[in-house]
Structures are given as C-alpha cells and as structure tokens.
Amino acid sequence: TKVTRDGEEVHLTPTAWHLVEVLVRNAGRLVTREQLLKEVWGPQYGSETNYLRGFMGQIRAKLEPDPSHPRYF
C-alpha cells in the first residue's frame, strides 16, 4: 500500500505507517494516546508520549497540507 500527497508518493517508516493505519481504522472515533502507544509500541507502553509526539510531528509534516494547523492527524 502507498501513501501519496499531491500525487507524490510519501515514505513512512513502519512505525509511522502503523500509527496512520490505527488512526484511519478508527476514523471518527477518539483514540487516546495510551491506546496508540499500546497498539503501536506494545502493552508495556502507556506513558511515553514523547514517542507519539515525535512520530505525529513527522506524519503531519509529510501528510498535512498545513502541519501547524492539522486537519487529519
């Protein structure tokens, strides 16, 4: 599966791809930080929000039209 933005293919790391997959699968529903951490990194993670912040910043930079005002992620 590919991710594109403005017709250009966007490379995502496996972890970033997993985050996007979880969010897309739960579109329209609230997904907590703890849920994302546990689903992507494993059940022992739940408070390491710095991981999530970093990856979400990368995802927004690559996929959002205006990363400073995210609409999708």
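Values below: all heavy atoms of this structure, side chains included; hydrogens, waters and symmetry mates excluded.
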Q | Distance in Å, Thr32 OG1 paired with Leu37 CG, rounded so as to fall on 0.5 Å steps | A | 8.5 Å
Q) Mind checking what makes side chain to side chain donor-acceptor pair (under 3.5 Å) contact with Gln58, not counting sequence neighbours? A) none
Q. Taking only residues two or more places apart in sequence or in another chain, which ones pass side chain to side chain contact (heavy atoms under 4.5 Å, CB included) with Thr13?
A. Thr15, Ala16, Phe55
Q. Which pairs with one or both residues in residues 61-73 pass salt bridge (Lys or Arg N to Asp or Glu O under 4.0 Å), sequence neighbours excluded?
A. none
Q. Who are the salt bridge (charged side-chain N to carboxylate O under 4.0 Å, His left out) partners of Arg25, not counting sequence neighbours?
A. Glu39
Q) Are side-chain heavy atoms of Val3 and Trp17 found at a separation under 4.5 Å? A) yes
Q) OH/Tyr51 to OH/Tyr45 distance, rounded to the nearest 0.5 angstrom? A) 4.5 Å
**Q.** Distance (rounded to the nearest 0.5 Å) between Leu19 CG and Ile59 CD1
**A.** 4.5 Å
(Q) Tell me every residue that passes side chain to side chain donor-acceptor pair (under 3.5 Å) with Asn50, counting only those two or more places apart in sequence or in another chain. (A) none
Q.
Are Pro67 and Phe73 packed together at the side-chain level, in the sense that at least one heavy-atom pair is separated by less than 4.5 angstrom?
A. no
Q) Can you tell me how far CZ of Arg33 sits from CE of Met56, rounded to the nearest 0.5 angstrom? A) 11.5 Å
Q. Between Leu12 and Glu21, is any pair of side-chain heavy atoms under 4.5 Å apart?
A. no
Q: Give, for atom NZ of Lys38 and atom CD of Glu34, the distance between the pair rounded to the nearest 0.5 Å.
A: 7.5 Å
Q | Partners meeting side chain to side chain contact (heavy atoms under 4.5 Å, CB included) with Thr4 (sequence neighbours left out) | A | none
Q) Mind checking whether Leu63 and Val20 have side chains closer than 4.5 Å, heavy atoms only? A) yes
